[in-house]
Amino acid sequence: MNSEELKSFLNEKADQYNNADFIENDPVQIPHRFSIQQDIEIAGFLAATISWGNRKSIIKSAEKMLDLMGNSPYDFVLNYSEKDLASIQDKSIHRTFNGQDFTYFIRQFNRIYKNHGSLEDLFKVEKPEINFYHSIERFRKQFLELEKHRSHKHVSSPYKNSSAKRIIMFLRWMIRKDQRGVDFGIWKNIDQKYLSIPLDVHTGNISRKLGLISRTQNDWKTVEELDIAIRKFDDQDPAKYDFALFGLGVTKELL
């Protein structure tokens, strides 16, 4: 395929997979259970944080976290007692993300929301930045603080060349205004043109098969290589191609 044919193909596939049916089998269904912005942010961030492995397993583990918060994430984060956290501390949550990590995140959310109305405040993109490379690091600095904790490994660092797939996916949910019912677009002060593709096995393999990237690692340098390719097709809504690449990967249509 030449460039125009590839653009047309990816637009067609993005249109095919970016619809409400996508929600049913994806972790994005977790924040879709809420209507209050802070509930959506907390549920979304937690679901994105544990998004590795089987999607059914991810959803089940995220539901466990919601249950432990009484299905009211924002209220729980603001008003938990030490007894509440003690009862969570030794719980098994999702693979290496355990009760200690969950309670650490809850404490950090409490601190952040006492000073900010939204997590959006911590992810602002500054001039002349072109993506979330520095923004994610500023978020990490504020969310994780300086004191080392085992939970820091669950918030990836682009400065360490991580693709930061789960944070990039969360940002897509919060920022992208797709009018299709999947992404929320509830953050009004960050432009979706800065979004990247959440790079994982599926999106990485399909991107290589289509000649969009040449690097073999799924790291931040590859995220930026993919940025260059997809922004040639749509520089105002590049993240829509996540639906095309992920959909093609999951359905194995190109194998």
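Remember, predicted model here, so these are calculated numbers, not experimental data.
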Hey, what do you get for [atom1] ([X]) to [atom2] ([Y]), rounding to the nearest 0.5 Å?
X: Glu253; Y: Leu248; atom1: CD; atom2: CG; result: 5.0 Å
X: Thr49; Y: Ile167; atom1: OG1; atom2: CD1; result: 7.5 Å
X: Leu144; Y: His149; atom1: CG; atom2: NE2; result: 10.0 Å
X: Lys91; Y: Lys64; atom1: NZ; atom2: NZ; result: 8.0 Å
X: Ser61; Y: Ile50; atom1: OG; atom2: CD1; result: 4.5 Å
X: Arg111; Y: His116; atom1: CZ; atom2: NE2; result: 8.5 Å

Side chain to side chain contact (heavy atoms under 4.5 Å, CB included) between Phe132 and Ile190, intermediate numbers included: CA-CA 10 Å; Phe132 285 92; Ile190 304 177; 3.6 Å; yes

Phe97 and Phe102 aromatic ring geometry - parallel, tilted or perpendicular at 30°/60° bounds: tilted

What orientation do His152 and Tyr104 show, parallel under 30°, tilted 30 to 60°, or perpendicular over 60°? tilted

Between Trp187 and Phe170, does the ring centroid distance fall short of 6.0 Å? yes

Phe45 and Phe139 aromatic centres sub-6.0 Å: yes

Below 4.5 Å, heavy atoms only, C-beta onward: do [X] and [Y] meet side chain to side chain?
X: Gln38; Y: Val77; result: no
X: Phe76; Y: Leu68; result: no
X: Asp200; Y: Met169; result: no
X: Leu245; Y: Leu10; result: yes
X: Ser57; Y: His94; result: yes
X: Met69; Y: Leu46; result: yes
X: Met1; Y: Leu210; result: yes
X: Ile106; Y: Ile88; result: yes

Donor-acceptor pair between [X] and [Y] side chains, under 3.5 angstrom:
X: Thr222; Y: Asp219; result: yes
X: Asn110; Y: Lys114; result: yes
X: Ser81; Y: Asp84; result: yes

What is the minimum heavy-atom distance between [X] and [Y], and which atoms define it?
X: Ile213; Y: Gly204; result: CD1-O, 3.8 Å
X: Pro31; Y: Pro27; result: CD-O, 3.5 Å
X: Ala239; Y: Leu195; result: CB-CB, 3.8 Å
X: Phe233; Y: Lys7; result: O-CE, 3.2 Å
X: Ser162; Y: Trp220; result: O-CB, 3.3 Å
X: Arg95; Y: Asn54; result: NH2-N, 4.5 Å

Could you go step by step and tell me if Asn11 and Ser8 meet the side-chain hydrogen bond (donor to acceptor under 3.5 Å, both in side chains) rule? CA-CA 5 Å; Asn11 281 335; Ser8 178; over 6 Å; no

Examine distances only and state if a side-chain atom of [X] and a backbone atom of [Y] form a donor-acceptor pair shorter than 3.5 Å.
X: Thr103; Y: Gly99; value: yes
X: Glu224; Y: Lys221; value: no
X: Glu120; Y: Asn189; value: yes
X: Gln37; Y: Ser118; value: no
X: Asn18; Y: Ala14; value: no
X: Tyr241; Y: Arg231; value: no
X: Gln236; Y: Lys193; value: no
X: His32; Y: Val182; value: yes
X: Lys165; Y: Ser51; value: yes
X: Ser207; Y: Leu212; value: no

Within residues 27-45 or reaching into it, pairs that qualify as salt bridge (Lys or Arg N to Asp or Glu O under 4.0 Å) - sequence neighbours excluded: Arg33-Glu63

Salt bridge (Lys or Arg N to Asp or Glu O under 4.0 Å): pairs with one or both residues in residues 170-182, sequence neighbours excluded: Asp15-Arg180, Arg172-Asp183, Arg172-Asp242, Arg176-Asp178, Arg176-Asp183, Arg176-Asp237

Which is it for Ile197 and Phe246 under the side chain to side chain contact (heavy atoms under 4.5 Å, CB included) test, yes or no, and what are the steps along the way? CA-CA 10 Å; Ile197 300 291; Phe246 184 79; over 6 Å; no

Just checking [X]: does its [atom1] atom have more than 12 heavy atoms from other residues, nucleotides or ligands closer to it than 6.0 angstrom?
X: Lys232; atom1: NZ; answer: no
X: Glu24; atom1: CD; answer: no
X: Lys153; atom1: NZ; answer: yes

Just do the side chain to side chain contact (heavy atoms under 4.5 Å, CB included) check on Ile42 and Leu119 with the steps written out, would you? CA-CA 9 Å; Ile42 295 167; Leu119 294 184; 5.7 Å; no

Stepwise side chain to side chain contact (heavy atoms under 4.5 Å, CB included) test for Val223 and Ile168: CA-CA 10 Å; Val223 170; Ile168 293 293; 5.6 Å; no

Any carboxylate oxygen within less than 4.0 angstrom of a Lys/Arg side-chain nitrogen, looking at Glu137 and Lys160? no

Check this for me: does any side-chain nitrogen of one of Glu129 and Arg138 sit under 4.0 Å from a carboxylate oxygen of the other? yes

Same hydrophobic cluster for [X] and [Y], using side-chain heavy-atom links shorter than 4.5 Å among ILVMFWY?
X: Phe243; Y: Val201; answer: no
X: Leu226; Y: Ile130; answer: no
X: Met65; Y: Ile36; answer: no

Begin with the C-alpha distance, continue with both residues' side-chain angles, and end with the deciding distance and a verdict on ring-ring contact (aromatic ring centres under 6.0 Å, His included) for Tyr113 and Tyr74. CA-CA 9 Å; Tyr113 279 111; Tyr74 186 47; 5.3 Å; yes

Residue set satisfying side-chain hydrogen bond (donor to acceptor under 3.5 Å, both in side chains) with Asn25, at least two apart, ordered chain then number -> none

